[in-house]
Every structure is written in structure tokens, then in C-alpha cells.
Number of protein chains: 2
Amino acid sequence: MDGEGNKKPWDASQLRKYDLTFDEIPRLHYKDPKIDEYIRANKPVVIIESNIIKPALQRWTLEYLEKNLGQTGHTCFVSKNHQFKYYDDKKIYDKTNNTKGVEFTPPTKKVEMRIEDFMKRVKEWKKGDDRIYLQQSLTTSVGNNIVEDFVKFDWDYVNGKQAKHNWGPLTSNLLFIAMEGNQTPCHYDEQENFFAQVQGYKRCILFPPSQFECLYPYPVHHPHDRQSMVDFEHPDNAKFPKFKDAKGCEAIVGPGDVLYIPIYWWHHIESLMRGGPTTTVNFWYKGGPSTLEYPLKDHQKVAISRNVEKMLLEVLQDPKEVGPLLSAMVLGRYTE
Amino acid sequence: MDGEGNKKPWDASQLRKYDLTFDEIPRLHYKDPKIDEYIRANKPVVIIESNIIKPALQRWTLEYLEKNLGQTGHTCFVSKNHQFKYYDDKKIYDKTNNTKGVEFTPPTKKVEMRIEDFMKRVKEWKKGDDRIYLQQSLTTSVGNNIVEDFVKFDWDYVNGKQAKHNWGPLTSNLLFIAMEGNQTPCHYDEQENFFAQVQGYKRCILFPPSQFECLYPYPVHHPHDRQSMVDFEHPDNAKFPKFKDAKGCEAIVGPGDVLYIPIYWWHHIESLMRGGPTTTVNFWYKGGPSTLEYPLKDHQKVAISRNVEKMLLEVLQDPKEVGPLLSAMVLGRYTE
Ligand SMILES: [Zn+2]
Ligand SMILES: [Zn+2]
């Protein structure tokens with residue numbers, strides 16, 4: 001669908017500039033058996049020319065989505081800038097309920113919006129306006145046509161991968177509609193992900209779990225859990241000295257491309273600048289049963305670290321006490 | 001027994017010089033009800049004029065011990081210098097058994113020695129010789145007279161404290177016979193301790209569990225677990241910058257004094273220089289049931305840290321991996 005010759009439907013000026021360089025994620029035909037080698041090795045790969053989301057590719061224009069997504073409200077986020085950094089409501093300190101949590105001002109606002117209103121705001125957007133990003137589950141409250149398209153996805157193919165690689169159950173399919181230039185800052189998820197591009201182009205920068213130290217995730221109890229504390233556009237090298245050493249890879253995915261984002265892999269995703277709105281569908285699967293075979297995989301070490309932080313919060317009860325205890329455990333004892 | 005006027009049977013020149021200053025641990029008459037306030041608050045106190053080890057005080061001269069301690073071998077440690085730093089055999093890497101452990105050369109040698117041989121070496125010791133330290137359980141293989149004296153200790157008094165403060169069972173009574181100048185470097189134990197001085201004078205420097213960060217204990221999986229990495233006589237201020245801020249207290253205990261060393265309190269103990277050999281008996285009790293009442297006590301936080309380190313070793317299987325994982329968890333994330 002894309003490569004007529006080498007002409008790309010985008011150019012480098014549409015990519016934000018970062019101080020890192022990236023390897024390219026390989027692109028493999030969906031029947032290529034090497035895809036399974038990548039998945040088995042927990043490495044990202046772009047699956048091309050598959051029918052995974054073919055009905056969406058054929059029909060899900062913005063107009064079609066506006067007509068068919070359904071008349072209920074859909075989940076959208078509003079941001080003052082181009083960044084849409086995820087946060088977990090449940091980890092925010094709540095005065096009225098006197099819950100334990102972190103004092104926190106959300107960087108984006110979650111709103112329920114009718115699809116017409118969303119589309120109107122996207123079309124009429126001009127520089128300086130708040131930005132908007134739709135992130136709606138495809139399995140709850142969407143219209144019949146969308147559901148019909150959805151059931152015609154190539155489930156044999158994706159379920160085949162799930163079975164072959166011993167993943168857990170499919171947990172959700174989200175539909176993302178982004179404005180050009182929208183950015184989802186670097187984070188990792190605790191699920192396997194097929195990230196299927198419907199419309200427009202997204203740049204996906206990925207880092208393996210081994211880059212934990214270079215990417216400085218927020219504490220697990222923080223609302224920005226799983227997100228990097230580093231602002232890629234203005235990295236604070238004094239606070240995050242190892243960021244400059246982060247080793248990542250990237251792919252620019254267009255219509256029909258399906259990026260496999262392995263569980264616990266960091267990903268920083270942005271819709272190309274001046275490329276129009278983008279539409280993506282993802283497939284999230286729970287990870288496989290974790291058998292502790294040695295040596296442990298890097299993502300298992302991340303999972304272990306997360307559990308340590310969670311247990312400490314559980315026993316200490318106060319998020320403010322986790323850091324001092326961990327620091328006391330490490331500084332001068334396990335550091336040089 | 002000691003204070004005729006203020007004349008002390010030792011002088012400051014018998015104490016090693018350290019860069020720290022210490023508060024004095026209070027000395028209270030054994031009937032003073034304030035003793036229970038100290039114990040309840042997990043604070044050290046010297047109990048004076050008690051009958052706790054009266055039979056030993058009356059009879060356990062070196063000659064008596066030589067005659068009555070028993071003809072089997074007794075556990076002694078041999079050191080090239082004045083320091084007798086404890087280590088845990090089970091945490092040493094063992095080539096032949098291919099066990100997981102730390103490569104480690106023990107700083108002292110554990111030997112079984114007949115009491116006459118021990119006493120002879122103590123008497124004939126001259127500068128440059130190896131030093132020696134007897135540390136023998138009083139409840140296994142000691143002679144009848146010693147056992148008779150032992151059962152006449154004031155068990156009502158110590159068991160009364162045990163009951164009142166809800167301690168666990170008595171786990172052991174060790175007899176220590178040290179050469180003058182012998183030092184047990186700073187460490188903590190996971191038990192409550194009555195440290196009863198029989199003969200000679202020992203300087204006991206204690207630090208509360210809150211001083212963990214200033215004292216830099218070895219990793220839990222290291223054979224020197226629970227010992228401070230800091231050499232008090234030559235502190236490495238670059239590696240252990242907070243040591244100079246350690247807040248401690250001290251007591252010089254002589255015959256009849258019983259020092260309460262609370263569970264998890266650090267203690268650095270040395271027989272005074274040019275003071276002759278010293279004899280001590282300790283009473284180790286398991287801690288009370290740990291009810292997690294908030295705010296947690298400092299020693300409970302130490303116990304939590306220990307458990308984190310142990311679980312990490314358990315899951316990572318390799319002691320060399322504990323430090324890097326903890327560092328990755330902390331540096332730049334929980335540190336400034
Ligand atoms: Zn994600
Ligand atoms: Zn001790």
C-alpha cells in the first residue's frame with residue numbers, strides 16, 4: 001500500500017528533533033515466519049500487508065467514523081500542548097476521601113464528548129487552541145457498523161499469534177483518533193500490543209526494558225507510573241544523566257502497518273506534524289504465564305522492581321516514605 | 001560495686017579515639033521503674049547493682065573458668081589484629097558445593113580450643129601475636145559447676161522483663177572471654193540483648209536503628225550482613241559521607257553492669273586497652289510479635305529493608321544482580 005518505489009508520503013521535517021539516534025524497526029510481510037522469531041524474542045517488528053484491520057482500512061475515514069461511532073459520549077483527552085501524558089486517577093491524593101496518594105495536577109483533562117463535537121474541534125483547531133485526542137474502547141458503546149467491521153478483523157491471524165506465543169487473553173481494543181503533532185510521551189505498558197495504523201502516519205520510538213535506567217520512570221505509586229520522567233524535547237541532563245545513552249529504535253507506521261510493541265517495551269508515539277489526523281486501533285493482550293527461567297529477561301526484572309515498590313508502599317502506607325527507605329537501602333551500600 | 005566517689009577504675013587513655021562524640025547511656029538501679037520505660041521505648045540503659053549474674057560475679061575468675069568450663073573444645077576466633085568482625089559462613093561462595101554466595105576471605109578464623117590452651121595463649125600473648133576471643137554457648141558442653149552457677153542467675157528478674165515487654169523466647173546465652181583491646185566492630189543483631197559484664201571493662205558504643213544511613217551495613221546477602229562497612233578507626237569519608245553525622249551513645253560497663261541493647265540497635269564493643277581480659281555473658285531474646293502499628297518504628301523499617309533484599313536475592317538468584325537492580329530502581333528516580 002505504501003512503497004511505490006522509495007517515495008515516502010512524509011518527510012523528515014515532519015519529525016520532531018531529539019538528541020538521540022534510533023535503529024530502524026524491521027518491516028516484514030505478514031506471512032514471513034521471521035515475525036514469530038521477533039515475537040518470541042520480545043522484539044518489535046512492523047507487520048505489513050496483513051488483513052488484520054482490513055475492514056477499518058477500507059472504510060474508517062473520519063467521515064465514516066463520525067457517522068458510525070455512535071451517539072453516546074466518547075472518551076477524549078484535552079491538553080494545553082501537544083503532549084498527552086497518561087496518568088492514573090486512582091493514584092492521585094483525594095482530599096475529600098482522605099485517600100493516601102500523591103498530590104498531583106493532571107496535565108490533561110479527560111472529557112466525554114460526542115463524536116461530532118470532537119470532529120468539529122479537530123477541523124476548526126488553530127495554533128494556540130487546546131489539543132484533543134480521542135481514545136475510545138471499541139467493545140463498548142460504539143455503533144453497529146463499527147461493530148460489524150470490528151468482527152471482520154482478521155482474528156485468525158492475531159489470535160494465532162496469541163496462541164503461538166502463549167499470551168494471555170485479549171483485554172481491550174482501543175480506537176485512537178489524534179490530531180497531527182499529538183504526542184504520547186514515552187512510557188511502557190504491562191501488556192503485549194499490536195498497534196494497527198488505520199489512517200495517517202505515526203512515529204513510534206521504542207526502547208527495550210533494559211533501558212529502564214536511562215528512562216527514569218516515575219515511582220510506581222505516582223499517577224504517572226510507567227511514564228518516563230524525561231521530557232524528550234528538553235531533557236534535564238543533570239537529573240537524568242543516562243538519558244543521552246538510551247538505545248532505541250523507531251518505525252514510522254502508516255495505513256495497514258501493524259507494529260508489535262512487546263510487553264514492557266517503552267514507546268513514545270507521535271502523529272507526524274502537518275500530516276493530518278491519525279487513526280489507530282490497538283490490541284492489548286495480557287502477558288504469558290511468567291515462568292521464572294534463568295537468566296531472567298529484562299522485562300521480568302522490571303516487573304520485580306515494580307513489585308518491590310508496590311510492597312513497600314503497602315507496608316509503609318505512605319508514598320513519601322518509599323523513596324527515603326529505598327535510598328537508605330542503596331546509597332553507599334549498593335552504589336560505588 | 002564500682003563508684004567509690006567518682007574514681008573510675010579506668011582512664012580515657014584506655015579508649016580508642018574516634019571522630020565521633022557520644023551521649024552517655026543512663027545507669028539505673030535495677031529496681032528503678034524507669035528501666036521499663038527505657039525498654040518499652042527501645043532505648044538502651046545500664047542496669048546496675050542487680051543480681052542477674054550474681055553467681056558469675058562471685059566466682060567466675062579466669063582460674064575458675066579454666067577449671068570448670070569443661071574439657072571439650074570451646075568456640076574461639078583468631079584474628080591477626082584487634083578486630084573480630086563477625087561473618088556468616090553460609091553466605092560465603094563455596095566452590096566445591098557450587099553454592100550461590102559471595103567470594104570472601106574470612107577476616108578471622110574459627111577454631112575449637114580447649115580452655116587451658118585458650119588461657120595459655122591469652123597469658124602469653126605479646127604484641128604482634130594473633131589475638132584470640134572465646135565465644136561459647138553456656139547451654140552446651142560446659143562443666144557442672146558452670147551449669148549450677150548459671151541456673152542460679154536471677155532468672156526471675158530477666159524473665160520478668162521478657163514477659164513485661166512481650167519478648168519472644170530466650171534463644172541463647174553466650175560467654176565471651178576477650179583479650180584487652182579486642183574489638184567487635186559495629187553491627188546490629190536481630191534480637192533483644194541483656195549484655196552482662198562479669199569481669200573487666202568494655203566500652204559499648206550504640207546507635208539507634210535510625211542511623212542505618214550513616215552506618216552503611218553490608219548487603220544482606222554478604223557474609224558481613226548486619227555489620228557496618230565503615231572502619232571506625234579509618235572511616236572512608238568519600239565512600240561513607242554520612243558516617244561523620246552518626247549520632248550514638250556509649251557506656252563503659254564493668255563488673256555487675258547489665259547493658260540493655262535493644263533489638264536492631266547498632267553496637268560497637270571493645271575491651272579497654274591495658275585493662276586485662278574481660279568476661280561477659282549475654283542474654284538473647286527474640287523480638288516481640290511485630291504488630292504493624294503506624295507510624296512504624298525505625299527498627300521495623302530496617303526489618304522491611306532486609307526483607308526486600310532477601311526477596312530480591314531469592315528471585316534474582318544471583319547476589320551480583322541485587323545491587324544493579326536496586327540502583328536502577330533508585331538512582332534518579334527516588335534520589336535528588
Ligand atoms: Zn502505550
Ligand atoms: Zn552483637
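Computed from a predicted model, the values in this text were never measured in an experiment. The sequence lines fix the lettering, A, B, ..., with proteins before strands; numbering per chain opens at 1.
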Heavy-atom side-chain proximity of B/Y334 to A/E309 below 4.5 angstrom:
yes

Chain A contact via B/Y216 - side chain, backbone, both or neither, heavy atoms under 4.5 Å
both

Contact part of B/L331 toward chain A, heavy-atom cut-off under 4.5 Å: side chain, backbone, both or neither?
both

Return yes when atom NZ of B/K310 has more than 12 non-hydrogen atoms of other residues, nucleotides or ligands closer than 6.0 Å, and no otherwise.
yes

Is chain A contacted by the side chain of B/K239, its backbone, both, or neither, given a heavy-atom distance below 4.5 Å?
backbone

Checking heavy atoms, do the side chain of B/V315, its backbone, both or neither come under 4.5 Å from chain A?
both

Among the options B/P241, B/G323, B/P219, pick out the one with the most heavy-atom pairs lying under 4.5 Å from chain A.
B/P219

Under 6.0 Å from the CG atom of A/D19, do we count more than 12 heavy atoms belonging to anything else shown?
no

Check whether B/L326 gets within reach of chain A through its side chain, its backbone, both or neither, counting any heavy atom under 4.5 Å.
both

Counting only non-hydrogen atoms closer than 4.5 Å, does B/V220 touch chain A with its backbone (N, CA, C, O), its side chain (CB onward), both, or neither?
backbone

Counting heavy-atom pairs under 4.5 Å to chain B, which of A/Y294, A/Y218, A/F240 comes out on top?
A/Y294

Heaviest contributor of heavy-atom pairs below 4.5 Å to chain B, chosen from A/T335, A/D318, A/V302, A/L325, is A/L325

Greater than 12 external heavy atoms within 6.0 Å of A/K17's NZ:
yes

Where is the tightest heavy-atom contact between B/L316 and A/K301, given as atom of each residue plus distance?
CD2-CG, 4.4 Å

Enclosure of A/K91 NZ (heavy-atom neighbours >12, cutoff 6.0 Å):
yes

Would the number of heavy atoms belonging to other residues, nucleotides or ligands and lying under 6.0 Å from NZ of A/K297 be above 12?
no

Select, from A/G332, A/P217, A/A238, A/S305, the one with the greatest count of heavy-atom pairs under 4.5 Å involving chain B.
A/P217

Between chain A and each of B/R333, B/E213, B/E321, B/M229, count heavy-atom pairs under 4.5 Å; write down the option with the most.
B/R333

Distance col, row A/I304:CD1 vs B/M311:CE, nearest 0.5 angstrom, shows 10.5 Å

